[in-house]
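Structure first, commentary second.
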Amino acid sequence: MSVLVVGTTALDSISTPKGSNPRLLGGSASHAAVAASFFSPVHLVGVVGDDFPTRYLDLFSSRGIHLAGLERVKGGQTFHWHGEYEVNMNNRRTLNTVLGVIEHWSPKLPGAYETAPYVLLANIAPGIQHAVVDQLTRPKFVIADTMDLWLNVALKDLLRLLKRVDCLVLNDGEARQLTQDDNVVSALHRIHRLGPKYVIIKKGEHGSLLSGPDGLFVAPAYPLKKVVDPTGAGDSFVGGLLGYMAAQKSGSPASHLRRGMIHGAVVASFCCEGFGLKRTIQATRADITRRVRELEKLARF
Ligand code: AMP
């Protein structure tokens, strides 16, 4: 089955200790859609200006990412994010964000998308995530991702959204901020009480933690010798996870969450090995399978 992905389609200018690269293809939806496309057809919902390079549109299309839901605004400027990483690559600063066409955007889904079974509300303003959920008819599984910015400036909308999704994905710092609880395990319980049946906490190079009706599950991150640019790793993780789930022919969506997290972690590992999406798009399904097998061996005891 296919995956509907909504989020930012951006131009990213990124500086890391390994170099600087301007105006790369980026954005939460771009990373998530490319990651999901390893496993399932993808319908992308986003907005760009006419400064968005045609070669990036071609890249999406070449990967089976459908663009009927990607609005192009004449004379508009594409969302642009400029970020800089410290030497350890775990800490980053946003140097500048230009909202451009995102600022006044309200997504309108093409009619055929309203019945989308698997939906990823990638990181974007919670008001936009609501507008997408409003247009859906009985999806099978909806995952929402978010970031600290929305906890600061749109908490009310975010809390309302949590009652409308099956799974929330956030990082450990955001989980602490949302619950005012320093303990990640008890924070998980508090988040369930806010709505989502499943909660996944991302812990970067230390993997991720799933909580749901069957208890906890720990997914390792793929151990990398060299990280070039971690931008989009979280989006790749969640895109790979939902793409994998959508590709399974039988069983309930939730029964594929654990293996989905491992596949998401592997796609995220490729993302970290190059700037923007450069390394991700070179990976093959065989490369992914190889790393999944390695992770299986690493985590068995
Ligand atoms: P990640 O490294 O997984 O947290 O995601 C990084 C991506 O998020 C970059 O490609 C940015 O374009 C995008 N991004 C940065 N700021 C925002 C924002 N305020 N809302 C949505 N996406 C953003």
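When a ligand or atom number is given, it counts from 1 through the structure's own listing order.
Between Met147 and ligand 1, no N or O atom pair is found at a separation short of 3.5 Å. Polar contact check, Thr231 against ligand 1: no nitrogen or oxygen pair lies under 3.5 Å apart.
Among protein heavy atoms, the minimum distance from atom 10 (O) of ligand 1 is reached at Asp12 OD2, 2.4 Å. Counting protein heavy atoms only, atom 16 (N) of ligand 1 is closest to Trp81 CD1, 3.7 Å. Here the heavy atom of the protein found nearest to atom 2 (O) of ligand 1 is Gly232 N, 2.7 Å. Closest to atom 22 (N) of ligand 1 among all protein heavy atoms lies Thr8 OG1, 3.1 Å. Summary of contacts: the protein heavy atom closest to atom 14 (N) of ligand 1 is Phe79 CE2, 4.0 Å. Of the protein's heavy atoms, Asp235 OD2, 3.6 Å lies nearest to atom 7 (C) of ligand 1.
Salt-bridge check for Asp229 with Arg92: failed, with every basic side-chain N at 4.0 Å or more from each acidic carboxylate O. Between Asp51 and Arg23 there is a salt bridge, with a side-chain nitrogen of the basic residue lying less than 4.0 Å from a carboxylate oxygen of the acidic one.
For ligand 1, the atoms closer than 4.0 angstrom to any heavy atom of Trp150 are 19 (N), 20 (N). Listed by number with element, the atoms of ligand 1 under 4.0 angstrom from any heavy atom of Gly26 are 10 (O). Atoms of ligand 1 found under 4.0 Å from any heavy atom of Leu149 (numbered from 1 in listed order, with element): 19 (N). Residue contact check: Gly234 has heavy atoms under 4.0 Å from atoms 3 (O) of ligand 1. Ligand 1 places these atoms under 4.0 Å from at least one heavy atom of Ala10: 12 (O). Listed by number with element, the atoms of ligand 1 under 4.0 Å from a non-hydrogen atom of Gly27 are 9 (C), 10 (O), 12 (O).
Contacts of Arg92 with ligand 1, taken as heavy-atom pairs under 4.0 Å, involve the side chain alone. The proximity of Ala125 to ligand 1, defined as any non-hydrogen pair under 4.0 Å, does not occur for either the backbone or the side chain. Neither the backbone nor the side chain of Thr97 comes within contact range of ligand 1; no heavy atom lies under 4.0 Å. Residue contacts with ligand 1, taken as heavy atom pairs separated by less than 4.0 Å, do not involve Phe237 at all. The backbone and the side chain of Asn123 each have at least one atom closer than 4.0 Å to an atom of ligand 1 (non-hydrogen atoms only).
Atoms NE2 and OG, from His256 and Ser250 in turn, are 5.5 Å apart once rounded to the nearest 0.5 Å. How far CG of Leu121 is from OG1 of Thr146: 10.0 Å, rounded to the nearest 0.5 Å.
A cation-pi contact, defined as under 6.0 Å to the ring centre and within 45° of the axis, links Arg291 to Tyr222. Within the cation-pi definition used here (under 6.0 Å to the ring centroid, within 45° of the axis), Arg63 qualifies as a partner of Phe38.
Among all heavy-atom pairs drawn from Ala219 and Ile262, the shortest one is CB-CD1, 4.0 Å. Shown here for Ala32 and Val5, the closest heavy-atom pair between the two residues is CB-CG1, 4.1 Å. Closest approach of Leu216 and Ser211 over heavy atoms only: CD2-CB, 3.7 Å.
A parallel orientation is assigned to the rings of His82 and His80, their planes being inclined by less than 30° (bins at 30° and 60°).
Taking the six-membered ring for Trp, Tyr56 and Phe52 have ring centres closer than 6.0 Å.
Side-chain contact check for Thr94 and Trp81: at least one donor-acceptor pair (N or O, by modelled atom type) lies under 3.5 Å.
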